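Order of listing sets the numbers, starting from 1, for every ligand and every atom in it. If you're wondering where the values come from, they're calculated on a predicted model, not measured in any experiment. What's counted below: heavy atoms across the whole structure, side chains too, no hydrogens, waters or symmetry copies.
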Amino acid sequence: MDTTTIRLGETLRMLSARGFITTKYVSGGGRIFEGDLHCNSGTVRVQVCLDDWDFISYPRITLISKPAFLPSLMAHVDVLNGLCYFSPGSVVLDRYDPATAVAQCLDQATTVLEKIVSDPKYCSDDFQDEFLTHWVYGQLSPPWPVVLCSTSSENAYCEYYLVGDAPERKAVIATNYADVQILATTLGCAPPKTSRCKCWLFRTERRPVLPDDAMPATIKELFFWLKKWDFALYNNIQRVLEREKEYLNAAFVTFAIDTPKGWIGFGFELDQMMRLGYRDAPKRFKQYLHRKGGLKPIFRVDITDIRADFIHSRNLVFKDLKEKRLTLVGCGAIGGYLVQALVRLGAGTGCRGELVLIDSDTIGAENLGRHYLGMTALFKSKAEALRQEIYRQFPYVRISVQTQAVRATSKFFTGDLIIDATGEEAVSEMINENHLRQKIKVPPVLYVWIKGNGECVQSLFVDSKRHGCFRCLRLPDTNRFREERFPTIRRPPQRQNFGCRSFTPYAVSAPMHAASLATDAVIDWMKGDPSPRFRTRYIEKTDAKIVKNQNISPLKECQACGSQ
Ligand SMILES: [Zn+2]
Ligand SMILES: [Zn+2]
């Protein structure tokens, strides 16, 4: 017998010992079983579908019976009575011990049901947490898909637009037509089509509550549930229905609510005769909605948020770079990768946010083997070509470009953070000297560079005289000319010479390494503590000396920041 058969046998024995019987064979070696889960309050008849012996997805457990002791609306039970007992990816089931794995699932399913019955708070808490899933997918009728492109604090509603051609056509809501135009261009679609319909915007700090018996299906049920969820929110919606007669111009009206669990949307059709009759008396129309009109069904709106706020902060547990003003000097190998990271962290977004790119150089064939940009950027200004590339990806990011050589004037030392990714020590020393000389409060400067042939990468964050400056990385002793204070590489790097020109060879991994080091330094600054200010990261195969990550002390004799 092969191992698969043995394992299947063990699983079957376990299931039959628990009273489960095979009711169906499914293609690909799967089986469906039926049996009881034993909870304290009674048994629940379930179906278990085992068709993935790799356990990439968990066995599907579906409630066949819904005994009276179970509440009518349950967390973790979808509209088809499927039970979610492990959240996807939370547990890895052991493919080498399927009997135990399946037993684990049955036990967990029993525990979840047990908790739903015995702990109403658990049930409603979890329901609130997964409300959006219940709202969008957990019901039989499909929701209306809508893309949320922009919002603004001045606008109470979004307009509807159509972008693209069927079948990929998207309904897009936005407060500003220009935003939708940019989106259409970015997606390679024709200019958006406008419509008369509106989506009114609201916000609440409260999680949506568990409805009493069932999800709201009519306007009256919707109002009832909104009242239970957040009375102020309910009132705001009533106020729109009562006062804003524009909504009566379209055949339907929709609402989008920004909740702590994501955007929740719904809407309903407006009776043609009634809305035309009351087109100047929205208050009367609202009254109608509370009477006979309230029996009409609602529809749910599935809102996909594509606003910069969502895109750049979704993966973060700290505040992104929105509203920050950043200057990046050097758009070469390091800067090219670094700017990609900065933009993903939200650089250049928000009404005040800006990213300044400074580089006087153009892209040559010699750069392409280790630069983010490719052939399309050849012979172009590095800074300008990077801006074009970022616009192609994130058209709303605000970037300005300076193609003259960097000059460390007082105008240069403005904004929130300056990053020197030139990797050229002479430039860094010039910036450092002028940085220290500024009389007014200036933004911190982050320096990042590659050592030798890429054995390690380093960064230094300079934000106060209490810590060492860029020049403090060199010994001030003139007898030991420019000797390093924290030596790393043991021999001079390999150089390659072409006539009078030479360069240090390193592969593309080195600037990527440096860019990720600098990104983490920026993230720590965003989180409020830039320590350790001096950082070194090594590649695995190097005999370079290990330098501790630390806040370096200023040297009294430092030519740049010292007191002498
Ligand atoms: Zn769940
Ligand atoms: Zn110094």
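Qualifying side-chain contact (heavy atoms from CB on, under 4.5 Å) partners for R495, counting only residues two or more places apart in sequence or in other chains: S502, T504.
With Q458 as reference, T536 is the one residue of T536, T488, N549 to meet the side-chain hydrogen bond (donor to acceptor under 3.5 Å, both in side chains) rule. Just one of Q559, E429, E425 meets the side-chain hydrogen bond (donor to acceptor under 3.5 Å, both in side chains) condition when paired with R474; it is E425.
Under the 4.5 Å side-chain criterion, counting only non-hydrogen atoms from C-beta, D258 is not in contact with L201. Residues F223 and Y234 are in side-chain contact: their nearest non-hydrogen atoms beyond the backbone lie under 4.5 Å apart.
Each ring pair (Phe, Tyr, Trp, His ring centres under 6.0 Å) pair with one or both residues in residues 52-73, not counting sequence neighbours, appears once here: Y58-F86.
Excluding water, every protein N/O/S atom under 2.8 Å from the Zn ion (ligand 1) is given here by residue and atom: H76 ND1, C84 SG, E130 OE1.
Using a 4.0 Å cut-off between charged side-chain N and carboxylate O, D361 and K382 make a salt bridge.
For the Zn ion (ligand 2), the count of nearby protein N/O/S atoms, taking only those under 2.8 Å, is 4.
For Y85 and H76, the distance between ring centers is not under 6.0 angstrom.
Classification of the W449-F534 ring pair by plane angle, with boundaries at 30° and 60°, yields parallel.
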